[in-house]
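Have a look at the structure below before the remarks.
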Amino acid sequence: MKRSTELLHLQHIAKSFPSTQRGGEPIQILESIDLTMERSHAIAITGNSGSGKSTLLQIAAGLLGCDHGDVWFEGELLSRMDGRSLSQVRSRRMGFIFQASLLLEDFTASENVQIAAMIGGSTKAEAKAKAAEILALVGLSNRLGHRPDQLSGGEKQRVAIARALVNEPSILFADEPTGSLDEGNAAMVEELLFSLVRTKGVALMLVTHNPAFASRCDEVYRISDRMLEAIG
Amino acid sequence: MNAITPLLTRRKLGIGANRASKRRVFFNLILITLVVAVLVLAQIFVVSMSRGIADKWAYLADGHLQLYLGPGQELPTHPNIDSIEEVGEVNALLYSPDKNQMVRVKGVESTYFSKRRLEQLSIRVGEASTSTLARIMISTTLADQLSVSLGDRLALMMVSNDAIRAQLCIIDALYDSGYRELDGQLIYCDLSFVKRLFGTGLASSWEILTEKGNLNALKDDLERAGYLSTTWKEQNAALSSNLDTSRQAVLAVMVVVAILCGYFISELSAQMVEDDKARIATLHLMGADPRTVRTAYWRAVMAITVVSLTLGTLLGILCARLLPPLLAHLSARSYSALSFYLLDFPIRIPVLDVSIIISVLLLVSAISVHLSLKRVASIEPLSCVRFD
C-alpha cells in the first residue's frame with residue numbers, strides 16, 4: 001500500500017528496550033503510536049525525560065527499528081528498507097539537527113556543509129556554491145573557513161542547520177536543537193530554524209522540552225505513558 | 001567515485017588538518033618507514049655479504065670455472081673467457097717456530113693477480129730480500145695465528161698425491177681479503193716453485209674468470225667442445241648451498257616480518273576507524289555510503305603505506321651505501337665475534353629480493369586494511385549521538 005498524499009506516516013509503532021537487569025522484562029517505551037505528517041508541516045513532540053520522544057524521532061527517521069508497526073516516508077515503506085536505501089533517503093530527503101552540532105572537527109564550516117551537499121549528489125563546485133549560499137543565509141558568510149573549535153556554540157548549531165538544509169530535504173528532524181545553548185543563542189537558533197523551514201517549505205519534526213519552542217509548530221504532541229496524544 | 005572521497009582522504013592524510021592529525025600521520029609514516037628501512041637494509045646486507053663471500057671464493061680460491069686439460073688438449077678460446085690462469089695446488093702443514101696450521105698452497109703465475117682479483121684483496125709486500133728461500137704470500141689472519149710477520153721464515157710440509165715435500169720459505173707478502181675463514185687457510189706461492197717440487201704429480205688446473213651471467217653458458221660450451229670443467233659452486237657445493245640457504249632463509253624471515261608489518265598497518269587503519277567512530281557515524285547519519293567512507297580510509301592508509309615504503313626503501317638503500325666505512329671500522333677492530341664474517345664487500349642492491357619484500361608488504365597491507373575497514377559499515381548512524 002502506498003500512501004502518497006502524506007509525507008510521513010507512522011502506523012501502530014511499538015518499541016521496547018531490553019531490561020538492564022538480567023532476566024528482567026523488556027522496557028516498553030512506545031505503544032501503538034500513529035502519526036501522520038503533511039508536507040511543509042511542523043510538529044513538536046514533547047514529554048518528560050525518558051518518555052520516548054527521541055526514540056520516536058529516530059524511528060520516524062529510519063535510524064532505529066521498531067518492534068511493531070510501519071513507517072511510511074513519501075509513499076515508501078521506510079521501516080523495511082535496507083541500509084543502502086535508507087542512506088540514500090537520508091542523504092537527499094532528510095536533514096538532522098541534534099542537541100550537539102555533530103560537526104566534523106577536521107573540516108571547516110564550509111567543508112562540513114559541502115560534505116553534506118556532496119553526499120546528496122552535488123559536484124564539488126556545486127557543493128561549494130551551495131555551502132557559501134546557505135551559510136550566508138544563517139549569517140555565517142564570514143566563518144566559512146573556520147573549524148568547529150573556532151566557532152561558538154550558537155555558530156556551530158547554525159552550521160548544523162545549514163548542513164541539514166543544504167540538500168533541501170523534505171523533512172528536518174530536530175532533537176533538542178537548542179538544548180545546549182544559552183538563552184540568547186537558543187532564541188536566535190530557534191528563530192533561524194523556523195524562518196528557514198518556512199521559507200524552504202521543509203517539514204519539521206521537533207523534539208523539545210521547551211513549551212514555547214514547541215508552540216511555534218503547527219501541531220504539538222505529547223508522549224505520556226507510552227502513548228502519543230495531540231495537545232495543540 | 002563520490003566527490004567526498006578525495007576530501008576525506010586528503011584530510012585523513014593530514015592535508016589541511018589540524019596539528020594533532022598531522023602529527024598522527026607523521027608518526028605512523030615514520031614508524032612504517034623505519035621498519036621498511038630496516039628490512040631493506042638487512043636484506044641488502046645479507047645478500048651483499050653472501051655475494052661478497054662467493055666472490056672471494058671465486059676470485060681468490062677457485063676461479064669461476066676450473067678447467068682440466070686432457071692429454072693433447074689446447075687451451076680453449078671463447079669470447080666469454082675474461083682470463084685464464086694456470087694454478088697448481090697442494091695441501092700443506094705450515095709451521096712457525098711456535099705453531100702450525102693446515103693450509104692450501106696455491107701456486108700461481110705473476111699475472112694471476114689481475115685488476116679484478118686485486119679488487120678482492122689488499123697486498124702488503126715486504127722489503128726486497130736477498131734470500132734464496134721460496135717466497136710465499138700468506139694472509140694477515142694466518143700471520144696473526146702463527147705469530148709471524150713479513151720477512152719471517154716458515155716451514156712447509158706439502159702433500160700432493162703420494163708425494164711429500166718439506167721446504168723452508170720466507171714470507172714475501174701479506175694479503176688481506178677481509179674474509180678470515182678463507183684467509184686462514186689459503187697461501188700463495190710461485191707456480192714454478194710447486195711445479196719444481198712435485199713435477200707431474202702436481203694437481204694443476206686452469207682458473208677461468210668470466211661474468212657471472214655467462215658462467216653456465218660458458219661451461220656448457222666448454223663441455224660441448226670436450227673440456228672437463230667445474231664451476232666454483234660445484235667445487236664448493238656445501239659453501240654455495242649454505243650461502244643460498246642463508247639468503248633464502250633471511251628472505252623468508254624478511255617476508256614474514258613484512259607480513260607482520262602489513263598486519264600492523266591494518267591495525268593502524270582499525271585504530272583510525274576506532275578514533276573516528278563518531279565522525280564516521282555522523283557521515284552515515286548524513287547518508288554517506290559506507291563504501292565511500294571505507295574507500296577514503298583505505299586510500300589514506302595505502303597512501304601512507306606507499307609513501308612509507310618508498311621512503312623506507314630509499315632510506316634502507318642509503319644506509320646500506322653508508323655501511324662500508326662502518327664495516328671497515330669494525331673489521332679494523334678485529335672483534336673476535338665478527339671473525340668469521342666478511343666485513344669488506346661491495347654493496348649490491350638485490351632488486352628482486354627488495355621487490356618481493358615490498359610487494360608482499362604492499363599486498364598484505366592492502367588486503368588486511370581492506371578487511372579491517374569492513375567494520376566501517378557496522379558503525380550505526382545513531383552512535384554519533386551516543387558519542388556526543
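The chains referred to below are lettered A, B, ... by the order of the sequence lines, with proteins before strands, and numbering in each begins at 1.
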Parallel under 30°, tilted from 30 to 60°, perpendicular over 60°: which one fits the rings of A:F96 and A:F173? parallel

Leading residue by heavy atom contact count with chain B [cutoff under 4.5 Å; candidates A:M94, A:M118, A:Q88, A:E111]: A:M118

Would you mind checking which part of A:S54 comes under 4.5 Å of any heavy atom in chain B, side chain (CB onward), backbone (N, CA, C, O), both or neither? neither

Side chain / backbone / both / neither for A:R147 at chain B, heavy atoms under 4.5 Å: side chain

Any side-chain donor near an acceptor of the partner, A:S170 and A:R93, under 3.5 Å: no

Consider side chain to side chain contact (heavy atoms under 4.5 Å, CB included). Of B:M254, B:Q43, B:Q248, which one does B:D353 pass it with? B:Q43

Under a 4.5 Å cut-off applied to non-hydrogen side-chain atoms, are A:I59 and A:C66 in contact? yes

